[in-house]
Amino acid sequence: MPYTNIDFNNKSILITGGAGFIGSNLAFYFQDYYPEAKIVIFDCFRSGDTFLNGNLKSFGHYKNLIGFDGRIICGNINNLSDLSLLDGYKFDYIFHQAAISDTRVYDQEVVMKTNVNSFYWFLEKAKNDNASLIYASSAATYGSLPSPQKIGDELPENPYGYSKYAMDNIAKEFSMLNPDIRIIGLKFFNVYGPREFFKAKTSSMVIQLGHQILSGQSPRLFENSNKILRDFIFIEDVIQANIKACRSSISGIFNVGSGIPRSFQDIADILQKELGTNYPTEYFTNPYDGYQMHTQADISLTKSHLDFEPWYTLEMGIKSYIPEIKNTHNLPLD
Ligand SMILES: NC(=O)c1ccc[n+]([C@@H]2O[C@H](COP(=O)([O-])OP(=O)(O)OC[C@H]3O[C@@H](n4cnc5c(N)ncnc54)[C@H](O)[C@@H]3O)[C@@H](O)[C@H]2O)c1
């Protein structure tokens, strides 16, 4: 549904990372509700290149965009000549989603270059175009600080979390120097929902467990998964936050979560109920250091400043996601 009374028809909208999970959902939101919106996607899509952890270097996939009829520019945010392809455009809104989104890439140089250096370029572009810039920050900026996680109290524990923390600091400084430009950072918590399939091992546990169950396997969880709680948020509510950020009268950084922590065990149980199965859960030892054991977004500022109101409970989100989980089961990932 349209979340604000802004008429985006005839507005010029850039979505970086638009071939990925959140960016492609944003693109379809605008296309569906504002058919005259001029949407440009900038994304490097995927090559076969992988990081040392075996995951792809970027997860964008053309299949996320089938049916999208806006403009597409394939380019790398690390490459100034690719970015110059955007020079001829003057945008009203920039949604900056492109990033190394894999939290387990530990090559600090590549994470910082990709996520942080490019950000300066988009801030300048927003300034030159007089555009509002809404960018993706992350709950990873909080590391394992106790819940509820609050804006202004961050302690990242991996290069990815640090890169988003650095972006937040850059955004704050830029906003002070440029009070007329709206720069809104959104710290997404654990997002799940349609069009995340191509993130493979980095997609949410909702789809990964859903596919295990559909393959006739028991859901596999870390030991004590009933005590590992996260703030899971359905993609529709993330879109709501991005759209409402467009009418913010102030720059700022806001948490985007449901505000309610739920366990990984809850996810497995809800999926089994929806899929009509009753497999015993298999438990194994959590191999990760620095694993977030409890996240819960403090969304008071997001509510008061952006009028954000998460709508989907975990039960509602998973229920509406089931058809897509079934459709993507056994699909090839390439
Ligand atoms: N999904 C989540 O739970 C979550 C949580 C917190 C923050 N975020 C952030 O939200 C944003 C979107 O995440 P997502 O889940 O859609 O991830 P995603 O990996 O599906 O989307 C990122 C997109 O950026 C593109 N990209 C990566 N490197 C690029 C480069 N060098 N040049 C151009 N394009 C590049 C990828 O191809 C991909 O399409 C990211 O910034 C991510 O860090 C996501």
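We count ligands from 1, going down the list as the structure has it; atoms in each ligand are counted the same way. None of the values given here were measured: they were computed from a predicted structure.
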*Asks:* Ala139 versus ligand 1: do any nitrogen or oxygen atoms come within less than 3.5 Å of each other?
*Replies:* no
*Asks:* Can you tell me how the ring of Tyr291 sits relative to the ring of Phe222, calling it parallel under 30°, perpendicular over 60° and tilted otherwise?
*Replies:* perpendicular
*Asks:* With respect to Asp43, determine whether any N or O atom, backbone or side chain, lies less than 3.5 Å from an N or O atom of ligand 1.
*Replies:* yes
*Asks:* Decide whether an N or O pair under 3.5 Å exists between Phe42 and ligand 1.
*Replies:* no
*Asks:* Kindly confirm or rule out an N or O of Ile22 lying under 3.5 angstrom from an N or O of ligand 1.
*Replies:* yes
*Asks:* Do any nitrogen or oxygen atoms of Lys199 lie less than 3.5 angstrom from nitrogen or oxygen atoms of ligand 1?
*Replies:* yes
*Asks:* Would you say Thr114 and ligand 1 have an N/O pair spaced under 3.5 Å apart?
*Replies:* no
*Asks:* Ligand 1 and Val191, any nitrogen or oxygen pair closer than 3.5 angstrom?
*Replies:* yes
*Asks:* Identify the closest protein heavy atom to atom 29 (C) of ligand 1: which residue and atom is it, and at what distance?
*Replies:* Cys44 SG, 3.5 Å
*Asks:* Between Phe188 and ligand 1, is there a nitrogen or oxygen pair with a distance under 3.5 Å?
*Replies:* no
*Asks:* Could an N or O of ligand 1 be found under 3.5 Å from any N or O of Ser138, whether backbone or side chain?
*Replies:* no
*Asks:* Is the number of heavy atoms from other residues, nucleotides or ligands under 6.0 Å of Tyr120 OH greater than 12?
*Replies:* no
